[in-house]
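See structure below.
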Amino acid sequence: MTANLFNAFAPAFKNADRPALRLADGRVITYGQLEQEAARFANLLRAEGVMPGDRVAVQVDKSAENVFLYLACLQAGTVYLPLNTAYTDRELDYFFGDAEPRLIVCKPERADGIRKLASSQGVTIHTLDASGGGSLMQAAAGQSTDSQTVRRVAGDLAAILYTSGTTGRSKGAMITHGNLQANAETLIEAWGISGRDVLLHALPIYHVHGLFVALNTCLMVGAEILFHEKFETGAVLEDLPTSTMMMGVPTFYTRLLSSGRLNADVCRNMRLFIAGSAPLLDETFREFEQKTGHAILERYGMTETGMLCSNPLHGERRPGTVGPPLADVEVRVADEQGSILDKGEVGVLEVRGPNVFKGYWRMPEKTKEEFREDGFFITGDVSLIEPDGYVRIVGRAKDMIISGGFNVYPKEIEQVIDQCDGVIESAVIGLAHPDFGEGVAAVIAAAGGGLDKEAVVAACRAELAAYKVPKAVFVVEALPRNTMGKVQKNQLRDRYAGTFTSGGEPA
């Protein structure tokens with residue numbers, strides 16, 4: 001037995017007739033079929049010359065076939081590189097140049113543009129659509145359903161996931177087979193996940209939450225997955241009565257509450273609601289508990305680490321906290337100089353454990369900067385640890401915005417806005433939003449005080465993924481600065497607070 005994560009799913013594959021994925025179109029993929037299709041895709045990777053350690057970049061809609069490809073990459077020892085479907089050609093150009101994938105799988109309508117971006121010799125491009133059609137499926141059709149799992153050690157890469165950078169340059173987090181297996185095993189124990197569970201899965205699978213947290217845990221124990229292509233309130237409400245567990249971002253829960261159809265009877269078979277990827281508001285927690293009888297379990301993690309902390313399965317789920325650290329995770333809070341602070345003191349959270357990533361792809365200096373000498377990773381999240389060990393995230397040290405569960409770094413957007421006609425400089429901030437948690441807003445100092453706001457938004461839409469595009473644009477004569485010349489974004493957040501929550505029109 002090797003440390004290849006694929007082997008951790010082998011016990012579930014033995015229950016060949018058990019449903020693994022139940023799809024919206026009525027299809028049911030059993031665990032036996034899942035194993036066979038993964039093998040077929042793994043053999044295709046080998047036939048296409050994709051070797052262990054090569055990167056496979058994937059920008060496709062959520063589908064069962066996408067899951068087959070993920071499992072095939074694990075089995076074949078290649079490195080899975082999922083990409084948000086909202087990424088534009090400008091963003092993809094950087095990822096392809098940095099990761100140098102051997103194979104790119106994309107939606108058919110994106111194929112021509114991606115071929116132009118990936119024109120270097122040796123790159124194979126295949127297509128895959130939401131219904132399972134495309135050249136990838138055609139090529140895999142003739143492959144054998146028997147495949148040998150490539151030997152991997154715990155430190156070998158299983159995936160690279162890109163995170164936006166504060167300087168505008170994205171960083172590829174190198175996630176190993178050992179990272180993923182350790183975190184999944186810990187979560188199964190912490191959340192009591194078993195083969196009796198039925199997970200309602202409405203998350204994307206290009207993200208840690210939907211891909212690693214949801215899929216890996218369920219596949220290890222042989223749980224059934226109700227596989228929704230995306231979150232649609234009506235469809236989720238239809239499936240809740242036959243589910244036992246749901247993982248979601250806070251937006252899911254606010255939309256369920258606003259539907260007027262959520263009640264205890266709809267949730268009669270549910271045992272666990274989990275929230276993460278963005279802060280859960282206290283009022284959402286309390287209203288959900290009042291309407292359903294369920295206290296949402298909030299947890300905390302990062303792309304670089306998987307899950308780190310979790311409110312308990314049995315015990316107090318404390319609103320406004322992310323619970324104690326998981327069983328194999330160490331946490332501490334430090335000041336800017338790296339001195340360890342006492343419980344109750346506010347500083348930057350640092351973490352250590354088998355789930356913490358290997359480092360940033362081709363960025364050894366950046367990797368060195370983000371780790372302490374004793375192996376603790378500096379998260380950048382401003383936090384405090386309560387006397388009984390519960391962790392409270394109180395802010396973000398790097399101005400990051402979390403909108404709809406996705407990380408947004410202002411610098412990347414500011415660089416696009418600053419190139420627009422009439423813009424002197426810009427400051428991008430996050431403002432409280434009832435649906436997305438935070439909405440992106442841009443405050444712009446404009447030449448002569450005049451600016452075509454629609455042109456700015458259009459420029460952002462052309463260059464950036466949709467969730468990064470400002471939902472409000474404000475024009476000012478000058479940005480506020482401190483005595484050192486630093487833009488005071490806290491003043492801007494105070495000035496425009498309530499833009500998305502008070503019903504007022506963005507100015």
Side-chain angles (χ1 to χ4, degrees), residues 24 62 191 197-204 207 209-210 213-214 225-301 310-313 315-323 392-393 401-408 430-440 466-467 471-472 497-504 506:
K62 182 178 178 181
W191 296 340
D197 274 310
V198 178
L199 174 71
L200 201 163
H201 193 307
L203 292 160
H207 190 274
H209 195 171
V213 179
I225 303 170
L226 304 183
F227 205 60
H228 289 229
E229 185 180 343
K230 59 184 177 180
F231 182 89
E232 291 182 345
T233 305
V236 168
L237 285 165
E238 287 294 319
D239 270 352
L240 272 177
T242 57
S243 306
T244 67
M245 183 169 58
M246 186 177 101
M247 301 180 189
V249 297
T251 301
F252 289 9
Y253 296 107
T254 59
R255 291 182 180 178
L256 287 172
L257 287 168
S258 65
S259 72
R261 298 166 53 194
L262 185 69
N263 55 46
D265 185 61
V266 171
C267 305
R268 58 187 177 273
N269 287 320
M270 290 293 296
R271 68 171 190 86
L272 188 59
F273 289 96
I274 299 169
S277 299
L280 182 73
L281 298 179
D282 287 8
E283 50 263 43
T284 303
F285 178 93
R286 298 189 192 286
E287 184 183 357
F288 196 90
E289 186 172 22
Q290 182 181 17
K291 287 195 173 183
T292 68
H294 287 273
I296 298 171
L297 184 152
E298 188 172 11
R299 88 302 180 276
Y300 162 73
S310 173
N311 274 275
L313 179 64
E316 181 189 5
R317 298 178 192 170
R318 192 175 301 168
T321 78
V322 293
R392 188 178 296 272
I393 309 297
I401 301 163
I402 302 182
S403 185
F406 297 115
N407 294 351
V408 179
L431 299 174
H433 192 289
D435 200 17
F436 297 104
E438 288 183 298
V440 178
Y467 64 88
K471 293 178 170 58
T499 294
F500 302 122
T501 55
S502 66

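Note that these values count all heavy atoms, side chains included, but never hydrogens, waters or copies made by symmetry.
- Closest of all the heavy-atom pairs between Phe406 and Pro204 is CZ-CG, 4.3 Å.
- Classification of the Phe252-Phe231 ring pair by plane angle, with boundaries at 30° and 60°, yields parallel.
- Residues Pro250 and Pro279 come closest through the heavy atom pair CG-O, 3.4 Å.
- Going from atom CG of Asp239 over to atom CG of Leu226 covers 5.0 Å, rounded to the nearest 0.5 Å.
- Residues Gly430 and Ile401 approach most closely at N-CD1, 3.5 Å, considering heavy atoms.
- In this structure the side chain of Thr244 never reaches within 4.5 angstrom of the side chain of Leu272, judged on heavy atoms.
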Can you check side-chain contact (heavy atoms from CB on, under 4.5 Å) on Val249 and His207, steps first, answer last? CA-CA 12 Å; Val249 297; His207 190 274; over 6 Å; no

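- Under the side chain to side chain donor-acceptor pair (under 3.5 Å) criterion, the residue pairs touching residues 272-287 are His209-Ser277, with sequence neighbours excluded.
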Before giving the answer on side-chain contact (heavy atoms from CB on, under 4.5 Å), spell out for Met246 and Val236 the whole-Å C-alpha distance, their side-chain angles and the decisive distance to 0.1 Å. CA-CA 10 Å; Met246 186 177 101; Val236 168; 4.1 Å; yes

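- Counting only residues at least two apart or on different chains, the side chain to side chain donor-acceptor pair (under 3.5 Å) pairs with a member in residues 260-275 are Asp197-Arg271, Asp265-Arg268.
- Using a 30° and 60° split on the angle between ring planes, His201 and Phe227 fall in the tilted class, from 30° to 60°.
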Output, in order, the C-alpha distance, side-chain angles, deciding distance and verdict of side-chain contact (heavy atoms from CB on, under 4.5 Å) for Leu431 and Thr501. CA-CA 9 Å; Leu431 299 174; Thr501 55; over 6 Å; no

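- Here CZ of Phe288 is found 14.5 Å from CG of Leu281. Values are rounded to the nearest 0.5 Å.
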What verdict does the side-chain contact (heavy atoms from CB on, under 4.5 Å) test give for Val198 and Thr242, after you've listed the backbone C-alpha separation in whole Å, the side-chain angles of each residue and the deciding distance to 0.1 Å? CA-CA 8 Å; Val198 178; Thr242 57; 5.7 Å; no

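- The closest donor-acceptor contact from the side chain of Thr233 to the backbone of Leu256 lies at 3.5 Å or more, if one exists at all.
- Shown here for Gly248 and Leu203, the closest heavy-atom pair between the two residues is CA-CD2, 4.1 Å.
- No donor-acceptor pair closer than 3.5 Å links the side chain of Glu289 to the backbone N or O of Ala295.
- Rounding to the nearest 0.5 Å gives a distance of 5.5 Å between OH of Tyr253 and CD1 of Ile296.
- Under the ring pair (Phe, Tyr, Trp, His ring centres under 6.0 Å) criterion, His228 pairs with no residue, sequence neighbours left out.
- Once rounded to the nearest 0.5 Å, the distance linking CD of Glu298 with CG of Asn311 reads 7.0 Å.
- Closest approach of Phe285 and Arg317 over heavy atoms only: CZ-O, 3.3 Å.
- Between atom NE2 of residue His294 and atom CG of residue Leu262 there is a gap of 9.5 Å, rounded to the nearest 0.5 Å.
- Of all heavy-atom pairs between Ser310 and Trp191, the closest is OG-NE1, 2.9 Å.
- For the atom pair CD1 of Ile274 and CE of Met245, the computed distance is 6.0 Å after rounding to the nearest 0.5 Å.
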